[in-house]
*Asks:* 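First, the structure itself, so that you have it in front of you.
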Amino acid sequence: MALGFIKKVFTFGKEKPIEQQAPEEHLTPAEAAAIEAEVEPRSREEDLPVSPVDPVAPVEMETAGGPAADDARNVVEPVESEPADEEPSEEELPPLLPGAEENTEIGIVPLSLLEAESEAGTESSPVSEPVLPKGFTTRVEEVPEPEVVTPRMTWYQRLRAGLARTSSQLTGQITALFTKRKLDEETLEDLEDLLIQSDLGVETAMRITGALSAERYGKDVTGEDVSRIMAAEISKVLSPVAKPLQLDLSHKPHVILVVGVNGTGKTTTIGKLAAKLSGSGLKVMLAAGDTFRAAAIEQLKIWADRTGSEFIGTKLGADAAGLAYDAFEQARAKKSDVLIIDTAGRLQNKAELMAELEKIVRVLAKLDPDAPHTVLQTLDATTGQNALQQVEIFRNVAGVNGLIMTKLDGTARGGILVGIAAKHKLPVYFIGVGEGVDDLEPFEADDFAKAIAGLTH
Ligand SMILES: Nc1nc2c(ncn2[C@@H]2O[C@H](COP(=O)(O)OP(=O)(O)OP(=O)(O)O)[C@@H](O)[C@H]2O)c(=O)[nH]1
């Protein structure tokens, strides 16, 4: 009964007409029964790599087969589906008939299969396949979708994207404020409020409104005019603090102490700095002075390995000042050019933290009265007003003399940097625009000002 279907399996791997390969009439009944018994377990639908016809619809197929309905190729007997639990296991299955495995490669469709499909008729098949002449076969290969390569944004684009929250809020409100309105006292006051709300600080807000008033009082003003004047004034505030980090290499090593609230990006920034310094040929040592967090020590070690820097750490909970002292001595002995010391930043235990930082500064000064030569504080740009207080605290305790603002690629509240620059007048050396090793850029006042004002570069 299942012989027609068996033939289809058999010829799947062959490309010769079925009649030549298994002419039923040439078999003795015993031979036919033997073959049938041998291949029976294979003759189920799921064993066919592709089922060109519906095995449970012989009548329809025969009709669809038209004049060739008598042809053995079209006489497909239904195969009674067996319950799942009666399925023979993989081992029980006989091997595929000779040649059947030859073309089981995915994507190779033997001609016999195409013929069977075409002869089964297009009416019963919703998709009609092209019919190839005998002697041809097709190969269907999956063509992978071309990979969409998104070009990496320039650092300025990332900065702009990071400051989009600040700038779009500001420019949207400014545009609304200045639509069909001449510049008068009331508008100037409204603008000043907007600028203060954007963390720019009172001083800078007044600078901007003053400059705008001097230029356009009583005249029509567009949002564009305001953005331009705002960018120019912000740039004037930021320019004095946009300085390069100066290394005094007469000190061997130049000691950089990195402080800041935890999570503001100290360790990551140290890694990025180390990459820049060692990349320019300087010998760098990193010291894991955040002895409160095992992960922080581990993280710094990874950055040291990555950047080819020396590493010194100690066990969890050890005295951070002791480690700083040892690190300084070792860096001296190894003639390192720069020693960068990571610290803990647990503001929640402020008294302890402050005592620890003071002690670190004190012990370093024992080895060199000028050390630490640079005290860098990292500030998270997403925190807003809070950052102003953080500078206040760390400046008093650790003598911060330079800033790095991180996470300016996220949803930054960049206005605060302007407020901090105006209030503390501390140098801003770099800004972090991502988590990667290269995502640290020298701070540029003009770029930053334009990005806040929402101007294209
Ligand atoms: N998007 C972005 N993420 C940053 C940047 N800098 C640091 N991060 C991420 O901020 C998180 C905290 O960074 P850390 O370097 O561990 O901060 P930390 O101040 O050393 O923190 P503690 O070790 O807890 O004191 C990490 O997930 C960093 O990958 C940046 O510029 N942009």
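Residue numbers start at 1 and run along the sequence shown. Atoms within a ligand are numbered from 1 in the order they appear, just like the ligands themselves.
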*Asks:* As a check for students: among Arg158, Gln299, Arg293, identify the option with a heavy atom nearest to atom 22 (P) of ligand 1.
*Replies:*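 Comparing heavy atoms across Arg158, Gln299, Arg293, the nearest one to atom 22 (P) of ligand 1 lies in Arg293.
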*Asks:* With distance as the sole criterion, is a donor-acceptor pair present between the side chains of His373 and Asp370 under 3.5 Å?
*Replies:*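 Checked: His373/Asp370 side chains show no N/O donor-acceptor pair below 3.5 Å.
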*Asks:* Check each of Leu257, Leu353, Asp290 against Thr343 using the side-chain contact (heavy atoms from CB on, under 4.5 Å) test, and report the only one that passes.
*Replies:*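 It is Leu257; the other options fail the test.
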*Asks:* Considering only protein heavy atoms, which is closest to atom 32 (N) of ligand 1, and at what distance to one decimal place?
*Replies:*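 Going by distance alone, atom 32 (N) of ligand 1 is nearest to Asp409 OD1, 2.8 Å.
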*Asks:* For atom 30 (C) of ligand 1, find the nearest protein heavy atom and state the residue, atom name and distance (0.1 Å precision).
*Replies:*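 Going by distance alone, atom 30 (C) of ligand 1 is nearest to Gly434 O, 3.1 Å.
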*Asks:* Does a donor on one side chain and an acceptor on the other come within less than 3.5 Å for Asp337 and His254?
*Replies:*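 Side-chain D/A pair, Asp337 to His254: absent.
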*Asks:* Based purely on interatomic distance, does Thr267 place a nitrogen or oxygen under 3.5 Å from a nitrogen or oxygen of ligand 1?
*Replies:*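 Thr267 vs ligand 1: N/O contact under 3.5 Å present.
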*Asks:* Tell me the protein heavy atom at minimum distance from atom 21 (O) of ligand 1, and give that distance in Å.
*Replies:*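 For atom 21 (O) of ligand 1, the nearest protein heavy atom is Gly263 N, 2.8 Å.
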*Asks:* Nearest heavy atom to atom 10 (O) of ligand 1 wins, so pick from Lys266, Lys407, Glu435, Lys272.
*Replies:*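 It is Lys407 that holds the nearest heavy atom.
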*Asks:* Please compare Leu300, Asn262, Val258 and report which has the shortest non-hydrogen distance to atom 25 (O) of ligand 1.
*Replies:*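 Residue with the shortest heavy-atom distance to the ligand atom: Asn262.
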*Asks:* Just distance, no hydrogens or angles: give the donor-acceptor pairs under 3.5 Å from side chains in residues 415-437, sequence neighbours left out.
*Replies:*
{"from": "Lys423", "atom 1": "NZ", "to": "Glu392", "atom 2": "OE1", "distance (Å)": "2.9"}
{"from": "His424", "atom 1": "ND1", "to": "Arg395", "atom 2": "NH1", "distance (Å)": "3.3"}
{"from": "Lys425", "atom 1": "NZ", "to": "Ala422", "atom 2": "O", "distance (Å)": "2.7"}

*Asks:* Quick one: which ligand 1 atoms are inside 4.0 Å of a heavy atom on Val433?
*Replies:*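 Near Val433, the atoms of ligand 1 are 31 (O).
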*Asks:* May I ask you to check if ligand 1 and Gly265 share an N or O to N or O distance below 3.5 Å?
*Replies:*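 Yes.
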*Asks:* Taking atom CD as the centre, does Glu298 end up with more than 12 heavy-atom neighbours from other residues, nucleotides or ligands that are less than 6.0 angstrom away?
*Replies:*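 No, the 6.0 Å shell around CD holds no more than 12 heavy atoms from other groups.
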*Asks:* Looking at ligand 1, is there an atom of it that comes within less than 4.0 Å of some heavy atom belonging to Gly260?
*Replies:*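 For ligand 1, residue contact (heavy atoms, under 4.0 Å) with Gly260 is absent.
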*Asks:* Do any nitrogen or oxygen atoms of Leu408 come within less than 3.5 Å of a nitrogen or oxygen of ligand 1?
*Replies:*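 No, Leu408 has no N/O under 3.5 Å of an N/O on ligand 1.
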*Asks:* Polar-atom distance check: Ala296 versus ligand 1, any N or O pair below 3.5 Å?
*Replies:*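 Between Ala296 and ligand 1 (N or O atoms, distance only) the closest approach is not under 3.5 Å.
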*Asks:* Are any of the N or O atoms of Thr268 closer than 3.5 Å to those of ligand 1?
*Replies:*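 Yes, there is a polar N/O contact under 3.5 Å.
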*Asks:* For Val261, is the nearest heavy atom under 4.0 Å from an atom of ligand 1?
*Replies:*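 In this structure, Val261 qualifies as a contact of ligand 1 - some heavy atom is under 4.0 Å.
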*Asks:* Can you confirm whether the side chains of Asp184 and Thr187 place a donor and an acceptor under 3.5 Å from each other?
*Replies:*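 On atom types as modelled, these side chains qualify, holding a pair under 3.5 Å.
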*Asks:* So, does Asp290 sit close enough to ligand 1 that a heavy atom of it is under 4.0 Å from the ligand?
*Replies:*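 Judged by the 4.0 Å heavy-atom criterion, Asp290 does count as contacting ligand 1.
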*Asks:* Here's one to test your reading of the geometry: is the NZ or CZ of Arg332 within 45 degrees of the ring axis of Phe328 and under 6.0 Å from its centre?
*Replies:*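 Yes; both conditions hold, so Arg332 lies above the ring face of Phe328.
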*Asks:* Please test Leu194 against Asp190 for side-chain contact (heavy atoms from CB on, under 4.5 Å), starting from the C-alpha separation and ending with a verdict.
*Replies:* CA-CA 6 Å; Leu194 278 183; Asp190 288 347; 5.9 Å; no
*Asks:* Which ligand 1 atoms are under 4.0 Å away from a heavy-atom of Gly432?
*Replies:*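 Under 4.0 Å from Gly432, ligand 1 has these atoms: 31 (O).
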*Asks:* Does a sphere of radius 6.0 Å around CD in Gln173 hold more than 12 heavy atoms from other residues, nucleotides or ligands, not counting ones at 6.0 Å or beyond?
*Replies:*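 Yes, because the 6.0 Å sphere around CD of Gln173 holds more than 12 heavy atoms from other groups.
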*Asks:* Treating Ser278 as the side-chain partner and Val284 as the backbone partner, does any N or O pair qualify as donor plus acceptor under 3.5 Å?
*Replies:*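 Flag not set: sc Ser278 to bb Val284 has no pair under 3.5 Å.
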